[in-house]
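Structure record follows, encoded as structure tokens.
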Amino acid sequence: MQPKKLLRLFKALQKKGLDTTYQNGAYRVALANRADGPVAEVLLPPDFPVEVKALKQLAQLAEVHHPNGGKVTALCATPDFHPGDAGVAIGSVVQTKDMVIPAAVGSDINCGMRLHTTELNLDRFLAGKDRLVALLRGDYLLGSRDVTQTAASMQALFSEGLIGWTSAMRDNPSGMATRCDFHQLECELDRVFANGSMAGDPRWAPPALLPDAGLVRDDGLGTIGGGNHFVEFQVVEELLDTRAAYRAGIKQGQVAFMIHSGSRHVGKFIGKHWRMRAEAAWPKGLPYPTSRLFPLSQADNPDLVAAYLEAEATAANYAFLNRMLLAEIMRQRMRQVFGEVAAPLVYDLPHNITLPRGDGWITRKGACPAESGQWVIIPGSMGTASYLLEGLGSERFHASASHGAGRARSRFAMSRGGADKSEAALGLTGVTCITLREERRIEEAPNAYKPIQPIIKTQQAAGMVRPVAKLRPILTFKA
DNA sequence: ATGTGC
């Protein structure tokens with residue numbers, strides 16, 4: 001969208017009675033029609049496209065409140081902001097007091113990023129690339145991974161996350177876990193957000209994953225998933241903050257790998273269950289919110305709020321293990337091809353999660369936590385650079401940052417008949433992407449996404465993040 | 001996001 005058109009949109013919002021001003025690179029919108037209503041900061045690079053639908057969804061989110069107590073106290077939108085399917089835009093950060101909104105996270109609970117460096121340089125990597133691809137193609141795309149485990153270790157995972165799972169698995173490993181280096185995994189727990197271990201409970205997990213006896217064959221763990229999720233080899237192209245890079249253990253010219261995935265069907269199950277629960281818990285006799293975004297109120301039912309957060313944590317724990325196992329598959333195959341190559345974890349973080357902050361909660365949907373000193377990982381599309389950054393804890397943006405470039409064109413727009421599907425038009429020139437289905441390459445092509453550079457620059461200028469390293473893609477796997 | 005739907 002051109003700036004003029006964007007301006008017209010904000011003028012239209014003003015006409016609706018919304019107080020709208022432009023201050024220091026962000027549109028500041030007072031979104032609720034009341035004096036104490038929340039203000040939304042919408043950070044956009046100059047001349048940047050944004051969909052009206054996404055802004056309408058943000059305005060809708062601002063209006064969520066519970067008649068028995070609970071309201072939205074502030075919102076912001078990151079520059080990769082785009083419309084979401086479930087009525088909540090991707091790139092929404094919402095601060096709530098005395099309530100939580102299950103729909104604000106949605107189904108992709110603890111979708112997030114994981115970054116590893118490796119000891120390999122580009123030449124050594126390229127020499128083994130074909131063998132590695134042959135092995136990984138089977139692991140990632142054909143379903144041959146083996147993460148069979150006991151119901152007890154699944155329970156430990158759901159209730160205690162990675163700490164629970166590693167201690168349950170290390171003395172009696174099964175499946176691919178027999179080849180895991182548990183000492184390494186435990187040493188790396190402090191490089192996972194919240195140690196990858198949140199307070200969950202197996203009672204919220206899909207029952208099929210928790211049989212009374214015998215082994216669990218779960219077909220979700222160690223899988224990439226669809227959409228923008230990927231596993232990718234990259235090379236560290238440029239260090240933008242050498243001191244921070246040293247702390248992260250990342251060196252120029254190194255081959256690295258990055259993982260973007262979430263809680264798969266577990267998050268879908270838990271997310272859907274709790275959107276329905278929140279609807280059922282809405283006070284009888286009162287009109288439904290037209291947005292159908294139902295909050296859970298602390299004053300109305302504190303146990304239900306606690307149970308929801310526990311359920312979200314249960315799915316989050318599963319996502320942490322999913323990304324850890326995707327990385328383990330990578331390490332195990334790299335050992336097969338290159339011998340004993342170290343591939344240490346830099347960081348693993350969620351960008352789809354509810355967390356306590358101040359005297360309320362922050363729900364980020366497609367936005368990274370970026371508290372002061374926290375690592376932030378922002379992926380580009382499969383043809384463009386990804387970044388490691390450091391959070392600066394900007395209060396104006398609720399210590400948050402974007403989670404990617406943001407979609408510019410829908411999957412349908414990319415794949416429909418008549419669309420130019422040449423490599424040049426897709427922006428795929430020089431990109432090696434391994435997919436099971438050709439349509440994924442088209443739907444997820446670089447030109448389906450907005451440019452990453454202005455998104456990073458704008459957030460840097462706004463004082464949200466400091467870039468540490470730029471990573472260029474070499475080889476992408478997409479399911 | 002989801003072995004799904006435009």
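Chain A is the first sequence line, chain B the second, and so forth, proteins listed ahead of strands; every chain is numbered from 1.
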Base, sugar-phosphate, or nothing for [X], non-hydrogen atoms under 4.0 angstrom?
| X | value |
| --- | --- |
| A:His229 | sugar-phosphate |
| A:Asn352 | nothing |
| A:Gly106 | nothing |
| A:Gly226 | sugar-phosphate |
| A:Gly84 | nothing |

Rounded to whole Å, how long is the line connecting atom [atom1] of [X] with atom [atom2] of [N]?
| X | N | atom1 | atom2 | result |
| --- | --- | --- | --- | --- |
| A:Lys365 | B:dT2 | NZ | P | 12 Å |
| A:Lys478 | B:dT2 | NZ | P | 11 Å |
| A:Ile270 | B:dT2 | CD1 | C1' | 14 Å |
| A:Asn110 | B:dT2 | CG | C1' | 16 Å |
| A:His403 | B:dA1 | NE2 | P | 6 Å |

Any side-chain heavy atom of A:Lys457 sitting closer than 4.5 Å to one from A:Pro45?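 With C-beta onward as the side chain, the pair stays apart.
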Do you know which of A:Ile90, A:Thr78, A:Ile377 makes side-chain contact (heavy atoms from CB on, under 4.5 Å) with A:His403?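 Among A:Ile90, A:Thr78, A:Ile377, the one meeting side-chain contact (heavy atoms from CB on, under 4.5 Å) with A:His403 is A:Ile90.
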Just to verify, which of A:Leu215, A:Leu321, A:Leu210 counts as forming a side-chain contact (heavy atoms from CB on, under 4.5 Å) with A:Met154?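 Single side-chain contact (heavy atoms from CB on, under 4.5 Å) partner of A:Met154 among A:Leu215, A:Leu321, A:Leu210: A:Leu210.
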Is the centre of the A:Phe193 ring less than 6.0 Å from the centre of the A:Tyr347 ring?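 Not close enough - the centres of the two rings lie 6.0 Å or further apart.
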Side chain of A:Thr314, backbone of A:Glu310: donor and acceptor closer than 3.5 Å?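 Such a contact is found between A:Thr314 side chain and A:Glu310 backbone.
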May I ask you to decide whether A:Arg407 forms a salt bridge with A:Glu444, counting only side-chain N to carboxylate O separations under 4.0 Å?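 Salt bridge flag = yes for A:Glu444 with A:Arg407.
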Close N or O pairs between protein and nucleotides 4-6 of chain B (under 3.5 Å):
none

